[in-house]
2 protein chains.
Amino acid sequence: MIEFIILGFLMTRNMTGYDIKQTMNISTSNFMDASFGSIYPSLKRLVQKKLIYLEEIATNGKLKKIYSITDQGKEEFIIWLKSPIEVSKTNTTSALSKIFFFDNLNNEEITNSINTYINDLTKLKNNLLDVKEMLKKHDNNFEISTLNFGLDFYDFTINWYKNYLDSVNKKL
Amino acid sequence: MIEFIILGFLMTRNMTGYDIKQTMNISTSNFMDASFGSIYPSLKRLVQKKLIYLEEIATNGKLKKIYSITDQGKEEFIIWLKSPIEVSKTNTTSALSKIFFFDNLNNEEITNSINTYINDLTKLKNNLLDVKEMLKKHDNNFEISTLNFGLDFYDFTINWYKNYLDSVNKKL
DNA sequence: GGCGCCATGTAACCAGTTACATGATTGC
DNA sequence: GCAATCATGTAACTGGTTACATGGCGCC
């Protein structure tokens, strides 16, 4: 996850590990954050995989490590970005971390991705409706509020992404 | 987390590790799940802490491990249940895992907990509004959709819990 | 001269999951 | 007889966080 976020940032400009952390603080920290303890090791791994490369720049006698994305890195990032958004029952991070970088895709690609996502969410919602019916029939006394929250949450999310799609397509 | 869920289940009846997993499957899996690989080690730890105890029952010559909650376990569970619901920017699990077990609290305790939660959510929402204003002023071009999702998500959640409170208090 | 920010890094820990291993019992 | 379910458990891995360690630079 964090590795793709880093690639996404490096799509727009070259950065140090510290820059990445600062940028996350003001842009993504609302839905996803990472500590230096995960950023620096991720950078190391990304260099090993040749998805980014490292230039050590001497500024005032001090070394700064500037990272840039490679062509292979760009490719892998776009593959990840286009891959279906993982549906989660409780967590919105997976979807948000992709739409944050959607300016790297064209409108058709965005529309496809979001439509697939809305479809997947609708399936989950219908599954949950089935569960609710089943529980009702079997007359058990489990707390139903959490299940209702799930249903309302799916409705909210599905609706939100429908509106998002509208606004994306109005831009053209 | 999973340890408290287990305690919550044992509040109503004695169970084996397997029972706990089955019960989670039909009741909490909508918002939280756990594998055997976390359930069995958790049970071991809970016994060590004396929050539950173990009776090995021979059924048809085969040993079954039945776990029961101790008085100390009940106490710790209620302390956890009454403790403030952790606010999360993207995840609903923390809140749901508590309201699932709220039949262990009285209406006043539930109302206090939810009001605190709504308050905390409102603070987070206002922080995010400030961030949005700041970003607007500084005219940067970060994707704003994710921030808007955050705001709408807070609104949805705050509203949902207000309605939940109404329904809880109507029951009396 | 000391505070805050820039800058990089690692070791220990955490709360789980996945995959594997084992074996009894039940129902068709 | 064999598949599904009941039942328990562990080792390796995962994707991080927290805390710690280090040191330079700018500025008041």
Side-chain angles (χ1 to χ4, degrees), chain A residues 1-7 9-10 13-26 28-29 31-49 51-67 80 86 88-91 93-94 97, chain B residues 1-7 9-10 13-26 28-29 31-49 51-67 80 86 88-91 93-94 97:
Chain A
M1 177 87 261
I2 169 71
E3 293 187 15
F4 289 109
I5 306 294
I6 291 175
L7 289 179
F9 281 125
L10 295 179
R13 68 180 183 91
N14 303 339
M15 291 182 175
T16 67
Y18 192 86
D19 289 338
I20 289 168
K21 173 71 179 153
Q22 297 306 96
T23 312
M24 287 185 67
N25 283 157
I26 58 161
T28 67
S29 62
F31 63 93
M32 111 136 265
D33 223 338
S35 60
F36 285 122
S38 73
I39 291 171
Y40 286 116
S42 292
L43 287 168
K44 217 177 227 179
R45 280 194 301 276
L46 285 168
V47 170
Q48 272 163 20
K49 294 187 210 163
L51 303 184
I52 65 176
Y53 66 91
L54 162 64
E55 259 180 304
E56 290 188 80
I57 308 281
T59 328
N60 310 340
K62 222 210 156 187
L63 282 184
K64 238 190 185 181
K65 298 192 168 181
I66 314 272
Y67 294 93
W80 169 77
E86 280 169 70
S88 157
K89 295 163 178 173
T90 55
N91 204 299
T93 311
S94 153
S97 58
Chain B
M1 177 86 262
I2 169 70
E3 293 188 15
F4 289 110
I5 306 294
I6 291 174
L7 289 180
F9 281 125
L10 294 180
R13 68 178 182 93
N14 304 339
M15 290 183 177
T16 68
Y18 192 85
D19 289 338
I20 289 167
K21 173 70 178 153
Q22 297 307 95
T23 310
M24 287 185 66
N25 282 158
I26 58 161
T28 66
S29 63
F31 63 93
M32 111 135 266
D33 224 337
S35 61
F36 285 121
S38 73
I39 290 172
Y40 286 115
S42 293
L43 286 169
K44 217 177 226 178
R45 282 195 300 275
L46 286 168
V47 170
Q48 272 163 20
K49 294 186 208 162
L51 304 184
I52 64 176
Y53 65 92
L54 162 64
E55 259 180 304
E56 289 188 80
I57 308 281
T59 329
N60 312 339
K62 220 210 155 185
L63 282 184
K64 238 189 185 181
K65 299 193 168 181
I66 314 272
Y67 293 93
W80 169 76
E86 280 169 69
S88 158
K89 294 163 179 172
T90 55
N91 204 299
T93 311
S94 152
S97 57

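Lettering of chains follows the sequences in order, A, B, ..., and the numbering in each one begins at 1.
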Find the distance [X]:[atom1] to [N]:[atom2] and express it as a whole number of Å.
{"X": "B:I66", "N": "D:dA7", "atom1": "CD1", "atom2": "P", "result": "8 Å"}
{"X": "A:L63", "N": "C:dA7", "atom1": "CG", "atom2": "P", "result": "12 Å"}
{"X": "A:I39", "N": "D:dG16", "atom1": "CD1", "atom2": "P", "result": "11 Å"}
{"X": "A:M15", "N": "C:dT8", "atom1": "CE", "atom2": "P", "result": "13 Å"}
{"X": "B:M32", "N": "C:dG16", "atom1": "CE", "atom2": "C1'", "result": "9 Å"}
{"X": "B:Y40", "N": "C:dT17", "atom1": "OH", "atom2": "C1'", "result": "16 Å"}
{"X": "A:K64", "N": "C:dA7", "atom1": "NZ", "atom2": "C1'", "result": "9 Å"}
{"X": "A:I6", "N": "C:dT8", "atom1": "CD1", "atom2": "P", "result": "12 Å"}

Salt bridge (charged side-chain N to carboxylate O under 4.0 Å, His left out) partners for B:R45, two or more places apart: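 Expected list: B:E3.
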Taking salt bridge (charged side-chain N to carboxylate O under 4.0 Å, His left out) as the test, write out the residues that go with B:K21, two or more places apart.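 Result, salt bridge (charged side-chain N to carboxylate O under 4.0 Å, His left out) vs B:K21: B:D33.
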Taking the minimum atom-to-atom distance to the side chain of [X], which one of [options] wins?
{"X": "B:S35", "options": "C:dA7, D:dA7, C:dT17", "result": "C:dT17"}
{"X": "B:K65", "options": "C:dC5, C:dG9, D:dG9", "result": "D:dG9"}
{"X": "A:F36", "options": "C:dT8, C:dC6, D:dA7", "result": "C:dT8"}
{"X": "A:Y18", "options": "C:dT17, C:dA7, D:dT8", "result": "C:dA7"}

Compare side-chain N and O positions of B:T16 against OP1 and OP2 of D:dT8 and report whether any pair is under 4.0 Å apart.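 It does, given that an N or O in the side chain of B:T16 lies less than 4.0 Å from OP1 or OP2 of D:dT8.
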Under 4.0 Å between a side-chain N or O of B:K44 and OP1 or OP2 of D:dT8?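 No, B:K44 has no side-chain N/O under 4.0 Å of OP1/OP2 on D:dT8.
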Results of side-chain contact (heavy atoms from CB on, under 4.5 Å) for [X] - residues two or more places apart only:
{"X": "A:S38", "value": "A:I2, A:A34, A:S35"}
{"X": "A:Y18", "value": "A:T16, A:Q22, A:F36, A:Y40"}
{"X": "A:S94", "value": "A:I85, A:E86"}

Taking only N/O atoms, report every protein-nucleotides 11-15 of chain D pair under 3.5 Å with atom names and distance.
none

Grab the two heavy atoms, one from B:L43 and one from B:I6, that are nearest each other, plus how far apart they are.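 Of all heavy-atom pairs spanning B:L43 and B:I6, the closest is CD2-CG2, 3.8 Å.
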If you measure from CD on A:E55 to CG on A:L63, what distance do you get to the nearest 0.5 Å?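 That separation rounds to 12.0 Å.
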